[in-house]
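Keep in mind the model is a prediction, meaning the values are calculated, not measured. So that the names make sense, note that chain A is the first sequence line, chain B the second, and so on, each numbered from 1.
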Protein chains: 2
Amino acid sequence: MDNFSESVNCLKCKRSSKCFKKLIPSELEFINQNKTQILYRKGENICKHGAFASYVLYISDGLVRLYLENPNNKNINLKILKTSEFIGLSSIYGDNIYNYSTVALKDSVICLIEKDSFRKLLADNGHFASEIIKWYCENEKQLFNKIQNLGNKQMHGRLADALLYLCNQDLLNEQIFSHLSRKDIAGFAGLSTESTVRLLTELKNENIIDITGKEIKILNPVLLKDISKRG
Amino acid sequence: MDNFSESVNCLKCKRSSKCFKKLIPSELEFINQNKTQILYRKGENICKHGAFASYVLYISDGLVRLYLENPNNKNINLKILKTSEFIGLSSIYGDNIYNYSTVALKDSVICLIEKDSFRKLLADNGHFASEIIKWYCENEKQLFNKIQNLGNKQMHGRLADALLYLCNQDLLNEQIFSHLSRKDIAGFAGLSTESTVRLLTELKNENIIDITGKEIKILNPVLLKDISKRG
DNA sequence: TCGGAAAATTGAATAATCTCAATAATTTAA
DNA sequence: TTAAATTATTGAGATTATTCAATTTTCCGA
């Protein structure tokens, strides 16, 4: 990872998250004084599960995969993070350790914000804190959904969920599949790579999805959602 | 559920969570004005996944099981909540819907706090909001841990995790197993009831646990943790 | 205390999913 | 551009876990 030469001033940042809009100029300047920008190259780990977490990370510009590591190299992918999203928020309090790993799917500029500074802003500014809590509300919902999938559904439903997630509106402009291997998709579905490949072929043969090289498109979202629902 | 006649004044409440200590008296009085207390009997649902969430719930005195529902009556249990814990915090923002179901394991007194009031306190008092964020940090860690278990481990590891959780320090005084069926334990491990029973017998025969009626005790925590770790 | 209902247990058969191995396709680096 | 390395695909066999059925035990209300 390199230092990123043209570090942007937080007060002028065009990619600031909604929560930063709740800060008054002096608070933004405070963050600006207590952050660093770093460029991570495609494939580099931005944080590792279990590592000491000194900073809250913020994706100034990039695309990141968030996952849980597994001893036998069979990772579980949780989500794709885009520009203007946080990484490792939960290290501000508690164990001071990252709860998951993240890797850059393409070259990504990451802001490292001092944890102490972040904490101070939360305590000083309830509106800022409220926005962070909003984020946690949505986050919790996603995690419960993931638990529901892994715990209750079998292969077909799990893969359907993964595809619906990866093809959703939010990621539409990211050409997400060009950055993902079959193993990555398997990680999102919580399946082995081989099972994933087999099921993808099935779905293709049933004209539920279309596969062109790495690109996957959903042809029949109604049916796919039905598969997801039935598990 | 009944109305609970002796509704406690929040300013005098002996069971207030750490976060309430951050409120000034007028804020506590504000909560007091905007809450109701209800008694839920053992076995009654306190909230249901998908139901409209008008309140943030707080366990004034009780014991609660939090779970995700499954169409084929095979629920996933997430955690046991005790006195002084929140239920449904994440409904304050977002979908206005509970992300999970909860059921009283024994008669429980629950405070229903108006969501709008709660939101107001968060925005007004950053220290209060910070305590809530602290809670979310810990919560997220637990959820990631659950995902790790369901996604990466097989039967033995999953049951070991469930037992370690149910026997942990925090629940030691709750006689937790007297409130749980084999099906409930299976729900914590994410297994079928039959598999759970079989494995419990195995663990007992290997002297790793002791089973006396409903009560389960861990005899060899080192070995059980090892089983958990190896998955 | 008795009788029925619910919960726990056990075994056998079945289903789901993974692993391993072999091959094909694609990408990368020299 | 070519060769090597990585990734994707396919099949067969093995493993893991569930389901179903039968039986035993426990619990609860009359």
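In this view, B/E138 and B/Q142 satisfy the side-chain hydrogen bond (donor to acceptor under 3.5 Å, both in side chains) rule, not counting sequence neighbours. Evaluation of the side chain to side chain contact (heavy atoms under 4.5 Å, CB included) rule for A/Y55 yields A/L57, A/L112, A/E114 as partners, not counting sequence neighbours. Among residues two or more places apart in sequence or in another chain, the side chain to side chain contact (heavy atoms under 4.5 Å, CB included) test is passed with B/K204 by B/I209, B/I211.
Annotation for B/R158 and B/K153: closest pair NH1-O, 3.2 Å, computed over non-hydrogen atoms.
In this structure, CG of A/L150 is placed 16 Å from C1' of D/dA17, rounded to the nearest angstrom. Protein atom CD of B/E202 is 12 Å distant from nucleotide atom P of D/dT16, rounded to whole Å. Atoms CG (B/N73) and C1' (D/dT18) sit 15 Å apart, rounded to a whole Å. When rounded to the nearest whole Å, the span between CG of A/L199 and C1' of D/dT10 equals 13 Å. Atom C1' of nucleotide C/dA8 and atom CD1 of B/I216 are separated by 12 Å, given to the nearest angstrom.
Distance alone, capped at 3.5 Å, is enough to place a donor-acceptor pair between the B/S108 side chain and the B/K106 backbone.
The side-chain tip of A/K134 points at the ring of B/Y93 from less than 6.0 angstrom away and within 45° of straight on.
Residue contacts shown for A/T193 are absent, as no nucleic acid heavy atom lies under 4.0 Å away.
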- Task: Mark up nucleotides 11-30 of chain C, 5' to 3', with B wherever a protein heavy atom is under 4.0 angstrom from a base atom, S wherever such an atom reaches only the sugar-phosphate, and - elsewhere.
- Result: BB---SSBBB----------
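For B/Y98 and A/F144, the distance between ring centers is not under 6.0 angstrom.
Contacts between residues 179-186 of chain B and DNA chain C, defined by a heavy-atom separation under 4.0 Å, are made by B/S181, B/R182, B/K183.
The stretch residues 184-193 of chain A participates, sequence neighbours left out, in these side chain to side chain donor-acceptor pair (under 3.5 Å) pairs: A/S181-A/D184, A/S192-A/S195.
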